[in-house]
Each structure stands twice: as C-alpha cells, then as structure tokens.
Amino acid sequence: MLSLTIDEALHRASFSLKKASIDDPLIEAEILLAFILKTDRLQLYLKKQDLLPRALYNSFLGLVKRRVKGEPVAYITGQKYFYGRLFRVDRRVLIPRPETELVIEKSLHFAEILIKSGVSKPYILDLGTGSGVLAVTLGLELPDAELYAVDLSPEALDLARLNAKEYRINEKITWLEGDYFDVLTDRAPGATFNLIVANPPYLSADEIKNLPPGIQEYEPVEALYGGLDGLDGYRQIIGRLPPYVKTPFMLIFEIGSSQEMEVKKLLEDSGLFSEICCYPDLAGLPRVVEAFIP
Ligand code: GLN
C-alpha cells in the first residue's frame with residue numbers, strides 16, 4: 001500500500017472515530033497523531049502534505065483503535081492541558097476538565113483581595129487533589145502561597161507529586177494522604193487556611209449509572225461518586241470547616257451543573273458565610289460556588 005499524507009491519515013482516522021460516535025473526531029485524530037509525531041496540532045497543519053512513514057501510521061492506527069473502544073484521549077496520550085500547562089494523567093486520576101479552570105480564576109481573584117487586605121502569604125488547601133492540577137497551578141501562579149493538598153488515594157498522590165516535580169514545586173506543597181480533615185488533624189494539627197478549594201466527587205447514584213462508557217469504564221469511580229445525591233463531599237467539608245478557617249476566608253467548590261441550589265443551601269444553613277455566589281462555566285452551566293467569611 002502507498003504511504004499516506006498526514007492529511008489523508010487524519011481523515012481516515014477521523015472517519016473511524018466519527019463512526020464510533022465520538023464528538024470532535026477530527027480534533028481527537030489530530031491530538032493522537034500530534035502525540036505520535038511528538039509535535040503539536042499547529043505543526044501538524046503546516047505539514048499536512050508530508051508523507052507519514054508506514055511504521056508511524058501503524059502506531060497511529062493502534063491509538064485510534066483504543067479511542068474507538070472508548071478509552072479517553074488523555075489516558076491514551078498520558079497528558080492533558082490545564083490552565084495552559086501540560087500535566088501527566090493516567091487511570092489513577094480523574095482527567096482534569098476545562099471547566100475546573102474556573103476554580104483557578106476565582107482563586108486568583110481572591111488572592112488579589114487577600115493582598116489588598118494585607119495577607120501576602122495565603123494558606124491554601126486543596127481537598128481531593130487527584131492529579132494535582134489545582135494545587136500545582138495555584139503554587140505556580142501564587143509563588144508566595146503556602147500550599148497543602150489532600151487525597152485519599154496514595155496512587156493519585158504519587159501522580160500529583162510527579163506533576164509538581166516536573167514544575168519544580170514539589171517541595172512547596174505539603175502532600176497529605178487520607179480523609180479530608182482527619183489527616184490534617186493528625187499530620188498538620190492547628191493548620192488554618194485562607195482559601196480552601198475542592199472538586200469533590202459529585203455525581204449522584206443515578207448519574208453514575210448513566211455515564212457515557214468512556215467515563216464509566218476508564219475513570220476512577222472514587223473521584224466521581226458523591227453518594228446517593230452526589231452531595232456527600234460538600235456536606236463533609238462544610239460540616240467540619242470551622243477549626244480550619246483563617247480569615248479573611250474563601251471556600252471555592254466545583255459543583256455539578258444541577259447542584260447550585262442544594263450546595264448554596266448547605267452553605268447557608270451552616271451560618272458561617274456572609275456572601276455566597278455561583279458562577280457559570282463556558283457552557284453557561286452553574287459550575288463554581290464560592291463562599292466568603294470576612
Ligand atoms: N465533571 C465530572 C463529570 O461530569 C465530575 C467531576 C467530579 O465528580 N468532581 O464527569
């Protein structure tokens with residue numbers, strides 16, 4: 001068989017992905033081929049008419065087959081961009097979603113408010129850090145902050161540390177393995193924080209049953225399932241918050257798009273906060289809730 005050009009290979013792959021009902025088939029084909037060629041999608045466009053060596057085409061077809069079977073692209077390539085930086089991901093952790101970048105934006109905005117109120121070294125805690133994208137990004141964006149990151153999964157923490165090492169901020173983050181606040185009480189007694197961020201597992205029992213196959217079969221269910229109604233993580237965090245607060249304080253949660261009312265109610269009922277706001281993601285869905293204590 002004659003060699004194919006990059007453009008032809010992309011179109012063939014895109015056709016197979018489309019047949020498998022994958023959204024954005026051409027983009028996904030481009031990401032996979034760029035990965036094989038150790039380049040990026042822009043370079044791929046510039047080389048569209050170049051011939052693709054047979055061995056590389058075969059490797060590319062292998063990856064496309066995995067994608068057709070449902071494996072997410074980020075697990076196939078082992079990487080995912082978050083807030084403009086590349087992170088390692090694998091099946092030990094949830095793949096970072098673009099909407100989670102809104103947690104970073106709101107955190108950075110709050111850090112500016114802290115500086116204006118004289119707090120130049122904010123204490124920040126990331127509960128359920130997973131791949132570490134929130135802790136590492138905040139550490140890089142806020143070089144003066146003191147960071148703590150907690151996760152129940154030792155495997156996830158290993159990967160988070162690896163990500164932190166690649167950005168040379170592993171030493172700056174205190175990594176704690178265990179259940180949210182229990183591990184803080186044991187390993188960092190007396191620690192208090194100006195900012196707590198969390199993207200807890202928030203899918204309900206019904207939502208877990210109806211997940212698309214790519215998520216259901218490949219992503220860790222512990223990072224997704226938030227109890228019968230999906231709200232266990234929020235209840236647990238809000239219920240145990242007071243001893244860990246250093247004012248001025250902000251709690252920033254990612255939420256499921258149908259949870260705005262319930263999460264706001266949990267926050268209101270705690271009687272701890274003077275302001276509670278919810279912000280939409282780029283799709284216009286409620287996604288991030290923040291709650292402030294002056
Ligand atoms: N956004 C993820 C999903 O819908 C859920 C993330 C989470 O539970 N924290 O698949």
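First listed ligand is number 1; within each ligand, the first listed atom is number 1. Residues: numbered from 1 along the sequence shown.
Shown in contact with N199 at under 4.0 Å from a heavy atom are these atoms of ligand 1, numbered in order with element: 7 (C), 9 (N). Every atom of ligand 1 is numbered from 1 in the order shown, and the set under 4.0 Å from a heavy atom of L224 is 5 (C), 8 (O), 10 (O).
Distances from ligand 1 to the non-hydrogen atoms of G256 include no value under 4.0 Å. Put simply, part of P200 is less than 4.0 Å from ligand 1, judged by heavy atoms.
Of the protein's heavy atoms, L203 CD2, 4.1 Å lies nearest to atom 4 (O) of ligand 1. At the top of the distance list for atom 1 (N) of ligand 1, counting protein heavy atoms only, stands Y202 OH, 3.0 Å.
Geometric assessment of K246 against the ring of Y123 yields a positive cation-pi assignment under the 6.0 Å and 45° thresholds.
Inspection of the E141 and Y83 side chains reveals no N or O donor paired with an N or O acceptor under 3.5 Å. For D182 and T185, the side-chain atoms include no donor-acceptor pair closer than 3.5 Å. Checking E30 against Y45 by side-chain atom types alone, a donor-acceptor pair falls below 3.5 Å.
Salt bridge status for E219 with R97: present, with a side-chain N to carboxylate O gap under 4.0 Å.
Taking the six-membered ring for Trp and thresholds of 30 and 60 degrees, Y202 and Y234 have nearly parallel ring planes, at less than 30 degrees apart.
The shortest N or O to N or O distance between R97 and ligand 1 is below 3.5 Å. Looking at L211 next to ligand 1, no N or O pair under 3.5 Å apart turns up.
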